[in-house]
Amino acid sequence: MKDRTILVLEDEFIIAMELEDVLGMEHGAHVHIASTPQAALDILERYPVDGAILDVNIAGESSFPVARVLSERGIPFLFATGCEAASSAVGAFSEVPVLAKPYTMSSVVAALRGMMRA
């Protein structure tokens with residue numbers, strides 16, 4: 001993942017910072033953190049990204065508008081969710097990998113590597 005740019009849409013500060021540390025410091029990725037769907041869309045307007053991790057539910061808002069933009073641009077992404085109901089609600093994006101929270105950082109790295117190779 002060295003020199004890849006990853007968008008992380010996550011409203012839980014601790015999780016976002018851990019992802020930034022692991023992906024950035026340990027794996028050499030450039031990480032953009034967004035805590036709202038609008039902030040993620042703003043990042044996508046300003047910066048090219050190679051992949052993304054989207055929390056499904058961001059403080060009561062859906063990350064699906066961001067997922068649609070990523071899909072339209074052909075940018076690979078995965079969903080992360082702590083809610084089983086949300087896992088089944090990703091119907092329009094059934095081909096997108098879903099990481100169940102709590103997840104390990106090694107599972108995130110493996111999922112990102114796999115999706116970016118595909």
Side-chain angles (χ1 to χ4, degrees):
M1 278 198 286
K2 187 167 174 40
D3 297 324
R4 297 286 190 123
T5 302
I6 309 296
L7 168 65
V8 174
L9 174 54
E10 174 60 64
D11 60 344
E12 292 187 42
F13 180 77
I14 299 293
I15 294 173
M17 292 301 98
E18 187 174 8
L19 286 166
E20 183 176 44
D21 285 348
V22 169
L23 298 174
M25 291 183 189
E26 293 180 25
H27 294 280
H30 305 283
V31 181
H32 292 285
I33 302 290
S35 60
T36 67
Q38 185 58 55
L41 292 170
D42 292 344
I43 288 168
L44 289 172
E45 287 304 311
R46 284 185 237 155
Y47 305 100
V49 300
D50 299 304
I53 301 170
L54 307 179
D55 189 353
V56 173
N57 182 354
I58 303 293
E61 285 187 76
S62 168
S63 64
F64 294 164
V66 179
R68 278 192 282 285
V69 170
L70 292 166
S71 289
E72 289 167 1
R73 295 182 183 181
I75 299 169
F77 64 96
L78 58 87
F79 287 115
T81 183
C83 176
E84 284 189 39
S87 294
S88 62
V90 296
F93 303 100
S94 60
E95 74 288 351
V96 175
V98 178
L99 282 173
K101 289 181 180 180
Y103 48 72
T104 64
M105 288 298 127
S106 61
S107 67
V108 172
V109 170
L112 282 172
R113 281 188 176 145
M115 124 185 135
M116 292 177 134
R117 267 184 256 161

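Hydrogens, waters and symmetry mates are skipped; everything else that's a heavy atom, side chains included, is used.
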Quick one: list whatever passes ring pair (Phe, Tyr, Trp, His ring centres under 6.0 Å) with Y103, sequence neighbours left out.
none

Taking all atoms of both residues into account, what is the closest heavy-atom pair of I58 and S35, and its distance?
CG2-O, 3.1 Å

If you look only at distance, which donor and acceptor atoms sit under 3.5 Å apart when one is on a side chain in residues 6-31 and the other is two or more places apart or in another chain?
from	atom 1	to	atom 2	distance (Å)
E10	OE1	K101	NZ	3.0
E10	OE2	E12	N	3.0
E10	OE2	K101	NZ	3.3
D11	OD2	A59	N	2.7
H27	ND1	R113	NH2	3.2

Looking at I53, V96, V69, L112, which hits side chain to side chain contact (heavy atoms under 4.5 Å, CB included) with F77?
V96

If every non-hydrogen atom of M115 is compared with every non-hydrogen atom of P76, which pair is closest and at what distance?
CG-CB, 3.5 Å

Do V49 and L44 have side-chain heavy atoms sitting under 4.5 Å apart?
yes

What distance do D55 atom CG and L99 atom CG have between them, rounded to the nearest 0.5 Å?
11.0 Å

So, for F93 and S71, which heavy atoms are closest and what is the spacing to 0.1 Å?
CE2-OG, 3.7 Å

For A34 and A40, the nearest pair of non-hydrogen atoms, with its separation, is CB-N, 3.4 Å

Any idea which heavy atoms bring L78 and A111 closest together, and the distance?
CD2-CB, 3.6 Å

Between the side chain of S63 and the main-chain N/O of V66, is any donor-acceptor distance below 3.5 Å?
no

Salt bridge (charged side-chain N to carboxylate O under 4.0 Å, His left out) partners of residues 30-52, not counting sequence neighbours, each pair once
E45-R73

S62 and P37 have their tightest heavy-atom pair at O-CG, 3.6 Å

